[in-house]
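Only heavy atoms go into these numbers, but all of them, side chains included; no hydrogens, no water, no symmetry mates. To find a chain, count down the sequence lines: A is the first, B the second, and so on, and within it residues start at 1.
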Amino acid sequence: MIDELIYSAVAGYGLTSDEIEIEVPKHEGLGDLSTPVAMALAKKLKKAPRQIATELITHFDGVSAFKKVEVAGPGFINFWLNDDFLYSELKRLYDENKGYLRKNQGKGKRVQVEFVSANPTGPLHLGHGRGAALGNALSNLLQAAGYAVEREFYVNDAGKQIFNLGLSVYARYQSILGNDMEFPDDGYRGEYITELAEDIINKEGRTFLNSTFESVKDFFIDYSYKKMLNEIKEDLSAFGVNFDSWQSERELFQLQVVEQTIADLKSRDSLKEDAGALWFKASDFGDEKDRVIIKSDGQYTYFASDISYHHQKLKRGFQELINIWGADHHGYIPRMKAVIKAMGYAPDMLNVLLVQMVSLLRGGKPVSMSKRAGEFVTLKEVVNEIGSDIAKFIFLTRRADSHLSFDLEVVKKSSAENPVFYVQYAYARINSIFNKALQNGWQLQSFGNVNLSLLKLPEELRIIKKLLFYPLLFISAVRLREPHRITFYLQELCGLFHPYYNSVRVLVEEQQLASARLFLCSCIKLVIEECTNILGVSVPEERM
RNA sequence: GCCCCCUUAGCUCAGUAGGAUAGAGCACAGGAUUCCUAAUCCUGGUGCCAGAGGUUCGAAUCCUCUAGGGGGCACCA
């Protein structure tokens, strides 16, 4: 690999490869690759950066990969690659495929990615979809980088929200059957509550008409949340997002995990009693104040089971915990980190990625999304309307931590607003070239002695470099835990392919040249597949 | 009041382990199809990187303050 050549040259200066930045310069006149490492070393060595750079480049004398190595600007080292080197690397890319494209940064490290984890008190909304798309892509990305990834959905099937759900359905049930009762203030009001109530009427009739909620609550609660959870599973599955495990909150109580965690914290002297409640001394571990675990009425807070959930995650042996949360939970991070610290683990084992709000427009007008009021756009509706590929791609063309707004009408109507088509179309075109080639009697074995040095056009060399530099991009996407970088790369790659397709014919008369170009197309196809697999977006085999 | 995030072209957004002349798509205008898919391509220009200070060889990127937008500050979940 190219980066390794550079690493080895600088090795004598006591830098690890992590500290050596390699970048693709913004302008072509500045070389194919570049490193500012001499400038980084300047402080350390107390020497002028250009002087260091001038020394460094002597290491590249006679390295056949480089056509030219130059010191430029304040001390950049710019590299121009030999065409022959590009061709042989491209062959390696084709032969080794994923082995070439991926870098094993994880080395088997066990990472859990917990995402979505929506309360099963209603359907998934669009914001959940963003979390789902991100969690899914991030998991794929880390997996590709050699991490042992487990995807988990935490099911809040205990506590007050579930209770409210059951109560809401109960109230609706009663009122549909003519028993007028006041609807609970903090109840859920969506249409789906009525559907649940009607469901129960269809199955059980008027059985519960004169029962108090207390006497039938288990039935109403369990029926309702299980049904909602099922719908959530179906919606996610339709969205193309799957989990390895679903951790039930209830189970944590039943298996006494919560008690054990509290006992553990007690033994570490991290708890205190005050005003009849049990507190976690979060302020000892960097949080701004202490937090209640058991209320003075004896009830556990939500925080209690969350603590034990994370405790259990750590005990399960994960070396890194990634939580994808809505940005409205950001205030929760310090206390969770405090818990990790209190339990004797490094707080940076917990990595919380915040996903900002999604605001949805329809024809320029905002669509409101309040769950309680029952007016929200569900993930399902959006997926039905625009498809999961478009939805995912839009979510993944933004940084997680930036507010996102998109307009359903715009996204639907104007295909140009859907960059995913641009990518899919490139893929379909490549397939189409191959179909045509096969019809013409061309055979795959032709790659055996393909002569890549026929790929001399500037467009071709540009594409080859783009392909070969994918691993650099991959590394930084993994390091930063930012799948959206893959999305942008993909658009750039296709942005090179389409013009090429338009101006250069692949299946030319001259067999050797056609073969070389087909080879190039094959490599583009491999990389598109790799990227879209990570993003969780489909690519069409055939005509679009 | 305190805390977190955001502010980059008309719009939607990239670019931040400090690096060279800050990018893309859309929108707008004109053009391209005897030929592997026109959901494509080509040609047009746009920036007080919200503002002001600071740190240094170098700042959209780091620090401080200000303004605007969003979110959070429960013995709720």
Looking only at side-chain atoms of [X], point me to the closest of [options].
| X | options | result |
| --- | --- | --- |
| A/Lys160 | B/rC41, B/rU40, B/rA77 | B/rA77 |
| A/Thr301 | B/rU12, B/rG72, B/rA77 | B/rA77 |
| A/Arg398 | B/rA20, B/rC36, B/rU12 | B/rU12 |
| A/Lys289 | B/rA74, B/rC42, B/rG71 | B/rA74 |
| A/Val292 | B/rA17, B/rA39, B/rC75 | B/rC75 |
| A/Arg505 | B/rC36, B/rC13, B/rC41 | B/rC36 |
| A/Lys295 | B/rU21, B/rC76, B/rU40 | B/rC76 |
| A/Leu30 | B/rC13, B/rG15, B/rA20 | B/rA20 |

ask   = Would A/Asn431 and A/Lys525 satisfy side-chain hydrogen bond (donor to acceptor under 3.5 Å, both in side chains), going step by step from the backbone distance to the final call?
value = CA-CA 8 Å; A/Asn431 282 337; A/Lys525 187 175 161 171; 2.8 Å; yes
Base, sugar-phosphate alone, or nothing: which one does [X] contact when heavy atoms must sit under 4.0 Å apart?
| X | value |
| --- | --- |
| A/Tyr501 | base |
| A/Ala275 | base |
| A/Val352 | nothing |
| A/His403 | base |
| A/His329 | base |
| A/Leu404 | sugar-phosphate |
| A/Glu288 | sugar-phosphate |
| A/Ala327 | sugar-phosphate |
| A/Asn78 | base |

What integer number of Å spans the [atom1] atoms of [N] and [M]?
| N | M | atom1 | answer |
| --- | --- | --- | --- |
| B/rG70 | B/rA27 | C1' | 27 Å |
| B/rC65 | B/rG25 | C1' | 36 Å |
| B/rG15 | B/rU8 | C1' | 9 Å |
| B/rU21 | B/rU64 | P | 28 Å |
| B/rG54 | B/rA60 | P | 15 Å |
| B/rC49 | B/rA9 | C1' | 10 Å |
| B/rG23 | B/rU16 | C1' | 15 Å |
| B/rC13 | B/rG30 | C1' | 27 Å |

Determine whether a donor-acceptor pair (N or O, by modelled atom type, separation under 3.5 Å) exists between the side chain of [X] and the backbone of [Y].
| X | Y | value |
| --- | --- | --- |
| A/Asn351 | A/Ile322 | no |
| A/Asp290 | A/Ser283 | yes |
| A/Lys217 | A/Phe163 | no |

inquiry  = Heavy atoms within less than 4.0 Å of RNA chain B: which residues of residues 509-516 of chain A have one? Give them sorted by number.
reply    =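 Going residue by residue through residues 509-516 of chain A, none turns out to have a heavy atom under 4.0 Å of RNA chain B.
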ask   = Hey, can you pull the residues of residues 330-339 of chain A with a non-hydrogen atom under 4.0 angstrom from RNA chain B?
value = A/His330, A/Gly331, A/Tyr332
Within the pair [X] and [N], is there a side-chain N or O less than 4.0 Å away from OP1 or OP2?
| X | N | result |
| --- | --- | --- |
| A/Arg485 | B/rG15 | yes |
| A/Arg399 | B/rC5 | no |
| A/His27 | B/rG23 | yes |
| A/Tyr302 | B/rA77 | no |
| A/Thr397 | B/rA24 | no |
| A/Tyr309 | B/rA77 | no |
| A/Ser405 | B/rC13 | yes |

Please list, one pair per line, the donor and acceptor atoms closer than 3.5 Å that link side chains of residues 22-32 of chain A to other protein atoms, with sequence neighbours excluded.
from, atom 1, to, atom 2, distance (Å)
A/Glu28, OE2, A/Arg462, NE, 3.0
A/Asp32, OD1, A/Lys465, NZ, 2.8
A/Asp32, OD2, A/Leu81, N, 2.7

request  = Check the surroundings of atom NZ in A/Lys266: do more than 12 heavy atoms from other residues, nucleotides or ligands lie under 6.0 Å from it?
outcome  =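 At most 12 heavy atoms, drawn from other residues, nucleotides or ligands, come within 6.0 Å of this atom.
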Check: protein-nucleotides 58-62 of chain B nitrogen or oxygen pairs below 3.5 Å:
none

message = Check this for me: does the side-chain of A/Ser296 come within 3.5 Å of the base of B/rC75 through a donor and an acceptor?
response = yes
inquiry  = Looking at the base of B/rA20, is there any donor atom on it, or on the side chain of A/Ser34, that sits under 3.5 Å from an acceptor on the other one?
reply    =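 Flag set: donor-acceptor pair detected.
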For A/Glu492, all residues meeting side chain to side chain donor-acceptor pair (under 3.5 Å), sequence neighbours excluded =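 With sequence neighbours excluded, A/Glu492 shows a side chain to side chain donor-acceptor pair (under 3.5 Å) to A/Lys466, given in chain and number order.
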message = A/Gln424 vs A/Asp389, test: side-chain hydrogen bond (donor to acceptor under 3.5 Å, both in side chains). Steps then yes/no.
response = CA-CA 10 Å; A/Gln424 290 174 327; A/Asp389 282 340; 3.1 Å; yes
task = Using side chain to side chain donor-acceptor pair (under 3.5 Å) as the criterion, point out the one residue from A/Glu460, A/Gln512, A/Glu510 that pairs with A/Arg517.
result =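 Only one of A/Glu460, A/Gln512, A/Glu510 forms a side chain to side chain donor-acceptor pair (under 3.5 Å) with A/Arg517, namely A/Glu460.
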task = For RNA chain B, just give me the dot-bracket, please: Watson-Crick or G-U, both distances below 3.5 Å, ( ) intra-strand, [ ] crossing earlier pairs, | paired with another strand, . unpaired.
result = (((((((..((((.....[...)))).(((((.......))))).....(((((..]....))))))))))))....
message = Set out, in order, the CA-CA distance, both residues' side-chain angles and the distance that settles ring pair (Phe, Tyr, Trp, His ring centres under 6.0 Å) for A/Trp442 and A/Phe447, then state yes or no.
response = CA-CA 10 Å; A/Trp442 180 85; A/Phe447 281 162; 5.3 Å; yes
query = Which residue, A/Gly495 or A/Pro74, contacts RNA chain B at a nucleotide closer to its 5' end, judged by nearest heavy atom?
reply = A/Pro74
task = Find which nucleotide of RNA chain B each of A/Gln491 and A/Glu482 is nearest to by heavy atoms, and output the residue with the more 5' nucleotide.
result = A/Glu482
query = Can A/Phe434 and A/Leu518 be said to form a side chain to side chain contact (heavy atoms under 4.5 Å, CB included), step by step?
reply = CA-CA 8 Å; A/Phe434 275 93; A/Leu518 280 168; 3.9 Å; yes
